[in-house]
Amino acid sequence: MFSIVIPCYNEEPILHRFHKEITTILQENQILYELVFVNDGSRDRTLEILKEITKKDQHAHYVSFSRNFGKESAMLAGLNFSSGEAVIIMDADLQHPPFLIPQMVQAYRDGYDQVITKRSRKGESGIRTLFAKLYYRLMNGMIDVMLTDGVGDFRLLSRRAVDALLSLQEYNRFSKGLFSWIGFREYVIEYENVLRDEGKSKWSFGQLVNYALDGLLSFNNQPLRLAIYMGMFVTFSDIIYVFYTFIQILIHGVVIPGYFTIIASIGFLGGIQLISIGVIGEYIGRIYYESKRRPHYIIDEKVIQPQYVREKQKKKEWMYHK
Ligand code: UDP
Ligand code: MG
């Protein structure tokens, strides 16, 4: 049995269509399944629609958050509540084409633990593509896990991959990095980018920048190191400069000191110090969040069809919502 995990945030216009399309694909291919919808504090009628769906469809469950906790938390909740031998995570907006599922299931049966889908960037704004390209190039040079452009959260994970992911209980979750961190054999399926039909993307440009920074900061301490190197470089150059000027003064006497150089060096040093403080602050902020050990989400209500509840799941629930 396969679990499909679907994070939903204000997906009212498309949910019924999504449910119909995914059900058709799964049944046509005789794949046993359950659908785990996670309502991430939507402000529209998403929850009502999920109630209707779970009332009519014995394969569908939902978990509803008390507020918007973000997609990372929604995916985590979905994984916690799924009971299949493998889990497929996908978006509700049909940008992750359901027709790829049979192929993914086949790859899983061939023995792959992670089946990843990779989209082209067709139809996306030029600027977003450019930034994405730059970002991946930069990131892969700097962090200790490998990220691939166009690979999103649409993927299949075997049970042991899911358990590995769930064993990572960090508060700042950057799934792209976590997926890569757990390892296992991967299989990649490529597909053409699909544009959103209904509803709109929940990511503003600012949020994308924040997401990019999260990735950088959660997966290594290079920025911290960089600040140290920069500090060392500046101090060393400064020592040479002082030494050089001192000898000049010994030979030629005091020359009128350059106003410009003083201002320039004050500015430069100030800048470097600010950067370093910022970097350190980021990490301390992260330590602060981790040390609180807060749960990743709070559940307001849920419907799990009785035939899917497992003993193990009850225990897990206790673990994550105490
Ligand atoms: N989503 C979520 N919580 C959020 C934002 C998004 O659960 O705070 C869900 C959303 O409902 C969708 C998926 O995450 O199923 C991807 O969101 P979106 O389509 O807005 O992102 P994009 O495709 O533009 O990257
Ligand atoms: Mg989308």
Side-chain angles (χ1 to χ4, degrees), residues 3-11 34-43 46-47 50 61-84 86-92 114 143 145 147 152-182 202-203 207-208 210-220 282-304 308-310 312-322:
S3 306
I4 319 280
V5 166
I6 312 114
C8 309
Y9 178 53
N10 296 346
E11 299 291 1
E34 64 169 348
L35 303 173
V36 185
F37 291 97
V38 182
N39 173 33
D40 185 12
S42 302
R43 277 187 288 271
T46 299
L47 181 60
L50 289 179
H61 326 291
Y62 75 78
V63 176
S64 182
F65 288 175
S66 60
R67 65 168 172 86
N68 179 251
F69 278 90
K71 190 185 174 189
E72 295 285 347
S73 301
M75 288 196 293
L76 184 68
L79 292 178
N80 275 331
F81 281 94
S82 61
S83 53
V87 178
I88 295 170
I89 305 173
M90 66 193 296
D91 288 0
Q114 291 207 50
I143 67 171
V145 293
L147 304 182
D153 301 322
F154 182 25
R155 61 177 68 215
L156 179 148
L157 299 161
S158 69
R159 178 46 54 188
R160 58 182 187 152
V162 171
D163 289 342
L165 261 188
L166 291 179
S167 72
L168 307 177
Q169 278 292 310
E170 57 212 85
Y171 185 79
N172 295 287
R173 291 186 83 77
F174 183 70
S175 282
K176 276 190 183 154
L178 298 179
F179 289 140
S180 160
W181 190 89
I182 59 169
K202 275 95 204 172
W203 295 90
Q207 280 172 315
L208 282 174
N210 274 334
Y211 182 68
L213 275 178
D214 270 349
L216 188 62
L217 293 166
S218 7
F219 266 87
N220 68 358
E282 268 293 334
Y283 283 98
I284 293 178
R286 264 145 224 273
I287 296 171
Y288 174 63
Y289 277 110
E290 296 294 343
S291 65
K292 290 191 205 211
R293 305 217 134 265
R294 284 196 179 151
H296 295 92
Y297 50 81
I298 303 289
I299 291 177
D300 179 26
E301 54 177 294
K302 63 177 191 283
V303 170
I304 307 285
Y308 291 98
V309 179
R310 300 175 309 169
K312 196 165 153 229
Q313 203 167 5
K314 286 189 193 137
K315 194 170 134 237
K316 257 198 241 160
E317 251 179 73
W318 171 81
M319 267 171 65
Y320 296 113
H321 319 298
K322 63 178 169 202

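Residue numbers start at 1 and run along the sequence shown.
- Considering only heavy atoms from C-beta on, I88 comes within 4.5 Å of F154 through its side chain.
- The structure places CD1 of I89 at 8.5 Å from NZ of K71, a figure rounded to the nearest 0.5 Å.
- Contact detail for F37 and C8: the closest heavy-atom pair is CD2-SG, 3.9 Å.
- By the 4.5 Å heavy-atom criterion applied to side chains, E301 and V63 are not counted as neighbours.
- Between the OH atom of Y62 and the CG atom of L35 there is a distance of 15.0 Å, given to the nearest 0.5 Å.
- The OG atom of S291 lies 11.5 Å from the CD1 atom of I284; values are rounded to the nearest 0.5 Å.
- In terms of heavy atoms, I182 sits closest to A161 at CD1-O, 3.6 Å.
- Scanning both residues, S64 and N39, for their nearest heavy atoms gives OG-ND2, 3.0 Å.
- Side chains of S42 and E11: no donor on one and acceptor on the other come within 3.5 Å.
- With sequence neighbours excluded, the residues forming a ring pair (Phe, Tyr, Trp, His ring centres under 6.0 Å) with F65 are F69, Y297, listed by chain and number.
- A donor-acceptor pair is defined here as one N or O able to donate and one able to accept, closer than 3.5 Å; no such pair exists between the side chain of R173 and the backbone of L178.
- Taking both residues in full, the closest heavy atoms of A86 and L156 are given as CB-CD2, 4.1 Å, listed atom of the first, atom of the second, then distance.
- In terms of modelled atom types and a separation under 3.5 Å, the side chain of H296 and the main chain of A74 share no donor-acceptor contact.
- The two atoms that bring V5 and P7 nearest to each other are O-CD, 3.8 Å, heavy atoms only.
- Expressed to the nearest 0.5 Å, how far CG of L166 lies from OG of S82 amounts to 7.5 Å.
- Contact annotation: the side chain of V303 never approaches that of H61 to less than 4.5 Å [non-hydrogen atoms, C-beta and beyond].
- Counting heavy atoms from C-beta on, the side chains of D40 and N10 never come closer than 4.5 Å.
- With a 4.5 Å cut-off on side-chain heavy atoms, D153 and F179 count as touching.
- For the pair N68/R43, no side-chain contact is recorded, criterion being any heavy-atom separation below 4.5 Å from C-beta on.
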